[in-house]
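Just so it is clear: chains get the letters A, B, ... in the order the sequence lines come, proteins before strands, and each one is counted from 1.
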2 protein chains.
Amino acid sequence: MESLTSHEIHQQVRERLADAEVRYTTGRRAVVTALLRARGPRSAGEIVDLVVGAVPISSLYRSLAVLDESGVIGKHHDVDGIARFELAEWLVGHHHHMVCDRCGNVEDVALSGHEEDALHELVDRVGDSLGYTVSGHVLEVEGVCATCAV
Amino acid sequence: MESLTSHEIHQQVRERLADAEVRYTTGRRAVVTALLRARGPRSAGEIVDLVVGAVPISSLYRSLAVLDESGVIGKHHDVDGIARFELAEWLVGHHHHMVCDRCGNVEDVALSGHEEDALHELVDRVGDSLGYTVSGHVLEVEGVCATCAV
DNA sequence: AGTATAATAAGATTGATTCTCATTTTCGTC
DNA sequence: GACGAAAATGAGAATCAATCTTATTATACT
């Protein structure tokens, strides 16, 4: 998947929100911009720092909820149970995560087409064997990053 | 990995806790028994229901913390951010999770040796390419279970 | 049995997240 | 370019899983 420019992404988001009859306001745009700059999932607290100017935390959480509900961003929880948000895969491409055991940093990782295909087959097989209709998969690689490795 | 009997698991846990100079008390044993019956990760609230008799929630959390710290159980967070606990892999074998998108149920899944080897190679390659020393990996398959598929 | 140490129980506390509601902004219309 | 309806925001209250505190109880060792 060729990556979209920042401008194209905002355009895609605007259209998606329009379909959901939701306005693409300044606050919501600020969240998308912040997540665009970050190259991995970020917590609400981290996003507050990434966004220029003061953002009320309650408003930020509502922006995140709206964007999540309309499929613009995805939400998952890190090892400490804190929610982390990132742009949805239809905007930035399917990818996985490399997590540092020490500092907790999370980076996006895209597999090669061949690797992703193999993983996809594997996952389908697993779902079938248990009677599930597979809708997706998540792979997290855990390790110690170069900086933490002393 | 051949699976251990319930009795053998309690024995292993006892030894592991002894090494950590921690007692294997009734409350801690009850948690292990409950997780042994459950065939997948369970939340603190669910474990309260699985354990026979009333268990103070604060005590349960401390038992879980002690067992987690000594490596007897593992902890992760589900899509709603609540913590789920399960017996550690050295007790029940390395495995992955099949998660139902609808009801949230989580089942353990073990891959074949061949599949697991291939996955292991893949994650090693990913870690190397990013300068990480890989320590593990997590694969979650998402889908809709037979019951929820109507 | 007696003592020192660890574990438990009950409730208070914390902290991320959500809810409430009054105020403000936006959009389509006149 | 103001008007009214609907949507969004902001400030603080409320929620709830999880942790902490401390007094009490149980356990291991002598």
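Counting any heavy atom pair closer than 4.0 Å across all strands shown, A:S58 reaches a base atom. Backbone-only engagement by B:A83 is indicated by non-hydrogen atom pairs under 4.0 Å involving sugar-phosphate atoms exclusively. Across all strands shown, A:S59 has heavy atoms under 4.0 Å from base atoms, whether or not it also approaches the sugar-phosphate. Across all strands, B:V22 comes closer than 4.0 Å only to sugar-phosphate atoms, never to a base (heavy-atom distances).
Distances from the side chain of A:P56 to the nucleotides D:dA7, C:dA10, D:dA11 place D:dA11 closest. In this structure, of D:dA18, D:dA28, D:dA8, it is D:dA18 that holds the atom nearest to the side chain of B:H77.
Comparing B:A44 and A:S63 by the nucleotide of DNA chain D whose heavy atom lies nearest to each, the residue mapping closer to the 5' end is A:S63. Of the residues near DNA chain C, B:A54 and A:G45, the one whose nearest nucleotide (by heavy atom distance) lies more toward the 5' end is B:A54.
The neighbour count for B:H120 NE2, taken as heavy atoms of other residues, nucleotides or ligands under 6.0 Å away, does not exceed 12.
Between the CG atom of A:L64 and the P atom of D:dG10 there is a distance of 13 Å, rounded to whole Å. For the pair B:Y24 OH and D:dA28 C1', the computed distance is 18 Å after rounding to whole Å. Regarding B:R23, its CZ atom lies at a distance of 11 Å from the C1' atom of D:dT25, rounded to whole Å. Across the protein-nucleic acid pair, A:E21 atom CD and C:dC27 atom P stand 14 Å apart, rounded to whole Å. Regarding A:H76, its NE2 atom lies at a distance of 17 Å from the C1' atom of C:dT17, rounded to whole Å. The CG-C1' distance, from A:D68 to C:dT17, rounds to 13 Å in whole Å. The CD1 atom of B:I82 sits 19 Å away from the P atom of D:dT15 (whole-angstrom rounding). Taking atom CD1 on A:I57 and atom P on C:dA16, their separation rounds to 9 Å, with Å as the unit.
Of the charged side-chain nitrogens involved, at least one lies within less than 4.0 Å of a carboxylate oxygen, so that A:R84 and A:D78 count as a salt-bridged pair. A salt bridge does not link B:K75 to B:E86: none of the charged nitrogens lies less than 4.0 Å from a carboxylate oxygen.
Of the side-chain N and O atoms in B:Y61, none sit less than 4.0 angstrom from OP1 or OP2 of D:dT19. Taking 4.0 angstrom as the limit, B:R28 places a side-chain polar atom (N or O) nearer than this to OP1 or OP2 of C:dA7.
Residues A:H137 and B:H96 place their aromatic rings such that the two centres sit no closer than 6.0 Å. Taking the six-membered ring where the residue is Trp, the centroids of A:H77 and B:H76 are separated by 6.0 Å or more.
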